[in-house]
*Asks:* 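The following block contains the structure, expressed as C-alpha cells.
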There are 2 protein chains.
Amino acid sequence: MPVSPPRPKGPHLNALRAFEAAARLGSFSAAAEELSVTPGAITQHIKTLEAWAETPLFTRNARGVALTPMAEALVPEFTRAFDQLGLAVHALRKQVAPNKIKLATLPSLAQYWLPARLGKLRQIAPDLQVSVIALEEPPNLVREPIDMSLFFTSDPLGPNDIEVLRDRIFPICTPDVAARLTRLEDLRNETLLRDSTWSDDWEHWLSAQTDLGGIASGGTEHSLFAVALEEARHGGGVLMAHEALVQRFLDSGELVRPFAGIVDLPRKLVLHLSPKMVRSDQLAQIRDVLMEIAK
Amino acid sequence: MPVSPPRPKGPHLNALRAFEAAARLGSFSAAAEELSVTPGAITQHIKTLEAWAETPLFTRNARGVALTPMAEALVPEFTRAFDQLGLAVHALRKQVAPNKIKLATLPSLAQYWLPARLGKLRQIAPDLQVSVIALEEPPNLVREPIDMSLFFTSDPLGPNDIEVLRDRIFPICTPDVAARLTRLEDLRNETLLRDSTWSDDWEHWLSAQTDLGGIASGGTEHSLFAVALEEARHGGGVLMAHEALVQRFLDSGELVRPFAGIVDLPRKLVLHLSPKMVRSDQLAQIRDVLMEIAK
DNA sequence: TATTTTGGTGTAGAAAAACTCAACCTAGCT
DNA sequence: AGCTAGGTTGAGTTTTTCTACACCAAAATA
C-alpha cells in the first residue's frame, strides 16, 4: 500500500477518441481518416494510451491491427460515451442555430445535382440556411458537426436513411463523337472517360451489353467527375455518366447517348440524417421538406 | 446556401470538458479545482467553445457566472457523456488491474487512521494493492481514476456511501499541560491548537460545554493536522482532536483528555465508492472486506 | 520469385493547444 | 475606503498533437 502519490491523472481525451475510432473501425488508417489526421498520429495516441494503461490494446499484425481481447470488452463503453458526446454537440449546434443545416455530399452531386434542388428548397423554406460540404467519403454523422449526408451506397437502408434515387449509368458524348459510333466495337477507337470514384462503371455497363471483351481496357481516369465531364463536352471522348448528374446536358442536347443501353446499378443515392435530426420535432418538418425537394 | 467550405471541425474535447465541469459546478474556479488547472485555463476553454458555437454560454456577473438559458438545457447531455466516459475509463482500469485500488482521503486520515486498517486488510486480502492518495477535497469519483474516497461529510448518504464512524471531538494535550487545567477558564492561558480544515471545532466544542464566550479567540492554526498534533505532543498547547485520529496516543498515555466533554458532531466519516465498484461482482467482495476492516 | 500494395512504425521538427503567472477588473462586504 | 471573491487578460512557456518522410513486413500480384 504505497502512500500518497501525486493526484493521478486520467488519460488524454484525444487518445481515448483515437482508441475508440480505431477500435470501432478496426484500423488505424480508417480512424485517421475519420479524425482527419495522419495514421502516424493515431499510432501515437494509441501508444500513449497503452502507456497510461500499462497494457497493450491492439496486436499489430503486419496486415493491420486487431484488438486485444481485454480491449475488445471495453469498446462499447467508449463508443457509447463518444456517441453521447456527439449527440450533445449536435444539440448545442441546433440550440444555437436551429435552421442552419450542413449537408455533406460528393463533389459531383454538389455541382450537378444539388443546385437545382436547393434552389427549389429556398423557395419552399426561405429561412433554412443549407451549407454544402463536398467530401469524397460519407462522414460519421454522430461524431461530426454535420446534419445530413447524400452519398451513393449499396448498403441496406437504416432508420435514418431515405432513398432518393437509383443509380443509372450510360455512356454519353458530344453529337460529333456520337456520329462516329454505330456499333459497340467502335468504342475501341474512342477515349473512354471515367471518374476514379466509379472507375469500373465502364466494365459494369459493357458486361451488361452484348459482351465482347477488351473494349474497356484503357481510357483516361479523372479524380473529379467534373473534369471528366468537361472533357466529354469538348469532344474528348465518351464518358460513362450517371443519370442524375447529366440530365441537364441531355435536355439541352449538348451531350447525347450514343447507345441505348442503360444499366440500373444496385447502388442508390441515399440521404442520411444525423440521429439528432430524426428525433427533434422541429427538424422532422425540415426533413419532410427536404424529402419533398429531393425528388 | 454557401457551397463547399472546408470540412467543419467539432469543438475541442478539453473545452467541452471544461464547459461541463463549469456548468455542473456553477463556477469557473470550482471547475478549475476539479480539473487541476488554474481558473484562467477554464476561462480560455469556455471562450474557445463560445467562439466555436458563436454564442455566449455563461453570463459573467462580477460575483460569479451563470449559465445562459440556452446552455442550461444542454448541460445534462454533456454530463451524461462525460459520466459515461469516466465509467469507460474505470472499466479500462479494472480490466487491466482488477486488484489495484486507489483510495483518496485526507492527509490526516492517511497518516493516523488508515495505516492500522490497511495492515489488517493486507492480512485478509494479501492480493489487493491499495494505494492511498492524500487530498484536501473529495475527488469526483466518476471522472477521476480513483476507486474510493474516505472523507468527513454532513451530507446524507448516497447509495454508494458507507458510514464508517461519527466524528467525535475533544481537547487533548500532554499530561504536563493537563496538570495546569482544572476548569474551562484555564484554557485562556493556553495555546489553542487547531487545524485549518476544521478551524471552528474549538467553537463547536466550547459552545457545547457550559458556555462562556471569549475563550476560543486566538490560537495557532496549522494547515496540516499532523503539524498541530506534533505541537501538542511537545506540550505546545491544547489541540482540538478527532477521536479517530488520536486514539493511539490516548492508549499509549502520551496524550490525555484534560476535560471529560466529548462532542458528537453531525459530521460522519464516509467511505464513498466509485459507481463502477458497486456494480462489478468481483469488486463487491472487495468492498465487503473493506467495510469489515473499516470498523 | 520478384514486385507491388497495404497498413503500421519511428523520429525529427513544426504547429497548435493548453497552461501558468501576475496584473487587473468589478460588485458586494466590512 | 479598503477588502474579498471570482473572473479576465495577455505574454510567455510547456505540452500535446500533428505532419513528413523514411522504413518495415506480410500479403497479394505477377
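Residue numbering restarts at 1 for every chain, and letters A, B, ... go by the order of the sequence lines. In this text the structure is predicted, and so the values were computed from the model without any measurement.
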*Asks:* Can you tell which of D:dT19, D:dT9, C:dT20 lies closest to the side chain of B:Val37?
*Replies:* C:dT20
*Asks:* With a 4.0 Å cutoff (strictly under), does any side-chain N or O of B:Thr43 reach OP1 or OP2 of D:dT8?
*Replies:* yes
*Asks:* Restricting to non-hydrogen atoms, name the atom on B:Leu92 and the atom on A:Leu57 that form the minimum distance, rounded to 0.1 Å.
*Replies:* CD1-CD2, 4.3 Å
*Asks:* Could you tell me if the side chain of A:Phe151 sits less than 4.5 Å from the side chain of A:Leu269, heavy atoms only?
*Replies:* no
*Asks:* For A:Ser29, which contact category applies under a 4.0 Å heavy-atom criterion: base, sugar-phosphate, or nothing?
*Replies:* sugar-phosphate
*Asks:* Name the residue closer to the 5' end of DNA chain C, choosing between A:Lys9 and A:Gly40 according to the nucleotide with the nearest heavy atom.
*Replies:* A:Gly40
*Asks:* Please give me the minimum heavy-atom distance between A:Thr105 and A:Leu150, naming the atom from each residue.
*Replies:* OG1-O, 2.7 Å
*Asks:* Taking atom P of C:dT6 as reference, at what distance in whole Å does atom CG of A:Leu25 sit?
*Replies:* 18 Å
*Asks:* Could you tell me if the side chain of A:Leu35 sits less than 4.5 Å from the side chain of A:Arg143, heavy atoms only?
*Replies:* no
*Asks:* Among residues 45-75 of chain A, which ones have heavy-atom contacts with DNA chain D below 4.0 Å?
*Replies:* A:His45, A:Ala62, A:Arg63
*Asks:* Check B:Pro275 against B:Val142 and note the closest heavy-atom contact, atom names and distance.
*Replies:* CG-CG2, 3.7 Å
*Asks:* I need the CD-P distance between B:Gln44 and D:dT13, as an integer number of Å.
*Replies:* 16 Å
*Asks:* Using a 4.0 Å cut-off on heavy atoms, which residues in residues 10-21 of chain B reach DNA chain D? List them by number, or say none.
*Replies:* none
*Asks:* For B:Phe225 and B:Met240, work out which heavy atoms get closest and say how close.
*Replies:* CE1-O, 4.2 Å
*Asks:* Say whether, by atom type as modelled, one donor and one acceptor occur between the side chain of B:Lys94 and the main chain of B:Lys100 under 3.5 angstrom.
*Replies:* yes
*Asks:* What are the two closest heavy atoms between A:Trp52 and A:Lys9, and how far apart are they?
*Replies:* NE1-O, 3.0 Å
*Asks:* Whole angstroms only, please: what is the CD1-P distance between A:Ile42 and D:dC18?
*Replies:* 7 Å
*Asks:* Take the angle between the ring planes of B:Phe78 and B:Phe19 and call it parallel below 30°, perpendicular above 60°, tilted in between.
*Replies:* perpendicular
*Asks:* Measure from CD on B:Glu34 to P on C:dC19 and round the result to the nearest Å.
*Replies:* 14 Å
